[in-house]
Amino acid sequence: MATALTAVNRESELSYAYLHAIASHAGVNCKTSNRHDDNAGIDAMLTGWEPFPNGGSLTEVDIKVQLKASIKPPFDDGDSLSYFLSGTQQYDDLRRETHASPRILAVLFLPPKAEDWLTHSHEQLVLRKCAYWVSLRGAPPTDNHAGVTVKIPKHQVFDGTGLMKLMASISRREIPAYQAPAHRVPHGD
Amino acid sequence: MAIKDLSPSGLRDFVKSLGWQSLPDGIVDRLYVLHHADAPRRQIVIPMDQDAPDYAEACELALSKLADLQGMKLADLIQLAAISRDDSIYYRVTSGGAVDDGLPLSFAASLLLGAEQILLASACTVLRPQTHHPRLHRTEATQLAGHARFGHTERGSFVVRVSCPVDAMETPSVPDLAHANESFVRMTMLTARNGVRQLVRAIEEDTLSSFVDSQRAAASPIVSSNLCEALTRLHNDDLRNNIDMSFRWATTVALPQDAAAGESIRIRSDYFGRIDDVRRELRAVEFDRDDVFIGTVEHLNGEFDIEGNRAGEVVVALLLREGEIIKARVVLDQEQYARAVAAHLDDRALVRIAGRLCPGRQPRTLTNVTSFILIGPGRG
């Protein structure tokens with residue numbers, strides 16, 4: 001039964017809409033799992049097909065996506081944005097190197113005020129700000145049970161071109177690894 | 001069987017059995033990658049490492065894609081994958097009458113017993129072809145039946161599936177085995193299929209008499225009375241049901257050319273009477289047998305006379321020299337009957353009976369009883 005959406009649910013739904021929009025525009029299939037009630041599992045599965053730019057032997061590529069949305073302006077160190085991933089279960093799942101299927105974290109950074117999230121007119125539908133993606137594969141373990149702050153490269157904007165490049169690299173079985181900052185992975189507070 | 005229990009190579013072989021082919025490179029970064037000419041750009045990817053934390057998840061993804069492409073339900077495809085290394089026989093019960101409300105329990109039990117006996121009879125035919133196997137429970141046949149499994153029935157219909165891993169056991173080293181290098185399970189399943197197929201064909205072509213003659217004359221008959229008896233257990237006179245018998249073959253062992261995948265043999269309701277005739281014909285080679293038998297007393301059906309003495313029919317279970325246990329009716333006088341009562345009261349007691357055992361369906365008849373003696377541990 002449908003229930004009223006909380007503010008967090010609305011952010012989350014917009015992140016799904018963003019993912020669907022980007023994937024559909026790029027010709028990539030997007031299949032989502034249970035929303036809101038499934039914080040432990042993967043949120044979406046993207047499946048793309050060749051041709052990929054400079055693709056490899058896989059002509060059908062799957063990427064599992066852990067999707068997040070945030071209205072908190074991220075810390076920007078110039079190269080990357082910080083995002084605090086609550087708990088360690090998702091972090092540990094995403095950083096595993098033994099997974100058969102590649103998985104990424106995608107974070108949609110929304111404006112702080114809800115009225116700024118989305119506008120539309122006869123000419124356009126505008127969803128403000130954008131999402132970025134990061135692979136946490138191979139990231140170091142953490143002993144902070146509250147969560148982990150991860151660095152998301154600013155150049156990894158979650159857009160159609162970036163998505164197809166990512167798929168091309170996976171089709172060559174070049175799975176991106178987490179580029180840890182020079183210092184140890186910072187913990188959240 | 002859960003998806004995580006399906007082996008990577010087993011899954012790969014299963015997908016290949018559906019017409020998919022490995023990439024020319026074979027293995028890509030410890031993944032089995034398969035493609036199909038009819039599905040350009042599509043690939044089915046199976047991880048080679050069963051220990052991967054997302055192995056089950058990745059296999060489910062692969063199978064769900066395959067199910068979409070094959071137009072099947074995922075659950076059905078997973079079930080097929082789970083038995084891809086098995087040879088399976090399916091018995092579908094259909095009837096003009098309603099079976100939606102269920103089958104009589106006694107018939108369901110008979111159905112399962114018949115399915116087991118078809119396996120046993122076919123295994124015995126592989127080991128030693130003859131028109132009647134006096135002992136169905138040969139060691140190798142029993143071992144094979146021990147590996148067989150009763151599968152899930154399909155929703156909305158009554159289907160008995162009996163499966164057995166094609167490599168469940170070594171091929172027995174018995175003399176005169178026709179194909180000593182082949183899988184015993186496969187030979188047994190093919191024998192069941194070929195026997196039923198030939199029997200049904202003879203009925204439909206109205207050549208049953210010559211078929212029975214040919215089986216009697218053959219050095220290696222493929223149909224035995226035991227197979228016929230097992231088949232008759234698949235029929236219920238009230239339901240007047242048909243049986244559609246179909247097969248699914250393990251993907252790991254090549255099929256002979258004349259055994260098409262997806263083949264189905266319909267045994268119509270009215271065929272079962274004819275099959276019972278064949279059973280009798282093939283058993284008719286058996287004669288009355290004068291012998292001494294050891295057995296137990298199973299039922300006391302005698303009657304009291306006016307003086308309170310009891311005599312009459314008793315049902316005994318006789319252990320034949322071939323190892324087969326059969327039931328027989330025997331009529332006893334007062335003295336013999338008293339011994340039968342004593343034997344029946346003591347579970348451990350055995351009786352020794354000298355008489356003539358007549359052929360036929362069980363319970364058979366034991367006549368001309370010249371002695372009926374209580375023996376064994378319970379005699380005291």
Side-chain angles (χ1 to χ4, degrees), chain A residues 26-34 38 40-52 55-66 88-104 135-139 141 164 167-177, chain B residues 2-12 14-16 18-70 73-74 81:
Chain A
V28 168
N29 186 59
C30 178
K31 188 177 173 187
T32 55
S33 58
N34 292 340
D38 184 12
I42 283 297
D43 296 312
M45 162 79 75
L46 299 175
T47 303
W49 296 273
E50 67 168 359
F52 302 117
S57 50
L58 295 185
T59 60
E60 177 167 340
V61 166
D62 299 308
I63 302 173
K64 294 184 175 176
V65 183
Q66 184 73 58
T88 55
Q89 187 180 343
Q90 291 176 341
Y91 177 74
D92 284 338
D93 182 59
L94 289 166
R95 71 183 188 83
R96 274 190 167 143
E97 293 177 276
T98 48
H99 276 308
S101 308
R103 45 199 71 200
I104 59 169
S135 168
L136 295 178
R137 187 182 177 94
M164 294 313 279
M167 290 201 153
S169 111
I170 293 171
S171 84
R172 299 190 300 270
R173 293 302 288 169
E174 294 168 10
I175 317 288
Chain B
I3 287 186
K4 67 179 173 54
D5 298 322
L6 298 170
S7 73
S9 60
L11 261 183
R12 176 204 58 196
F14 169 66
V15 177
K16 286 174 86 170
L18 298 173
W20 292 72
Q21 295 176 320
S22 295
L23 284 188
D25 295 343
I27 297 164
V28 179
D29 193 25
R30 298 201 60 72
L31 298 173
Y32 292 124
V33 183
L34 298 112
H35 68 112
H36 197 294
D38 293 342
R41 301 167 75 196
R42 299 304 307 267
Q43 287 178 332
I44 302 294
V45 176
I46 299 163
M48 288 175 69
D49 295 319
Q50 203 163 0
D51 296 335
D54 62 339
Y55 176 76
E57 203 178 284
C59 290
E60 184 172 343
L61 172 65
L63 288 177
S64 66
K65 287 181 179 182
L66 192 59
D68 278 348
L69 289 162
Q70 298 285 133
K73 289 180 185 166
L74 176 61

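Note on naming: letters A, B, ... go to the chains in the order of the sequence lines (proteins, then strands), and numbering restarts at 1 for each one.
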Open item on the list: Any carboxylate oxygen within less than 4.0 angstrom of a Lys/Arg side-chain nitrogen, looking at B:D54 and A:R103?
Closed with: yes
Max heavy-atom pairs within cutoff under 4.5 Å with chain B, candidates A:P51, A:S101, A:G56, goes to A:S101
_Residues of residues 42-51 of chain B near chain A, each having a heavy atom less than 4.5 Å away_ =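 So the qualifying residues are B:R42, B:Q43, B:V45, B:P47.
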Residues 62-70 of chain B vs chain A, non-hydrogen distance cutoff under 4.5 Å, contacting residues -> B:K65
Sequence-distant partners of B:K4, side-chain contact (heavy atoms from CB on, under 4.5 Å), two or more places apart
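Expected list: B:A2, B:A56.
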Next item on the list: Only counting residues at least two apart or in another chain, list the ones meeting side-chain hydrogen bond (donor to acceptor under 3.5 Å, both in side chains) with B:W20.
Entry: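 B:W20 satisfies side-chain hydrogen bond (donor to acceptor under 3.5 Å, both in side chains) with no residue once adjacent residues are dropped.
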**OP:** Could you please spell out the steps behind the side chain to side chain contact (heavy atoms under 4.5 Å, CB included) verdict for B:L23 and A:S57?
**Re:** CA-CA 8 Å; B:L23 284 188; A:S57 50; 4.3 Å; yes
NE2 (B:H35) and CD (A:E60) are apart, to the nearest 0.5 Å, by 13.0 Å
Check: B:P53 and A:R96 side chains under 4.5 Å, non-hydrogen atoms: yes
What's the shortest heavy-atom distance between B:A52 and A:A100, and which atoms?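 What the structure gives for the nearest pair is CB-N, 4.5 Å.
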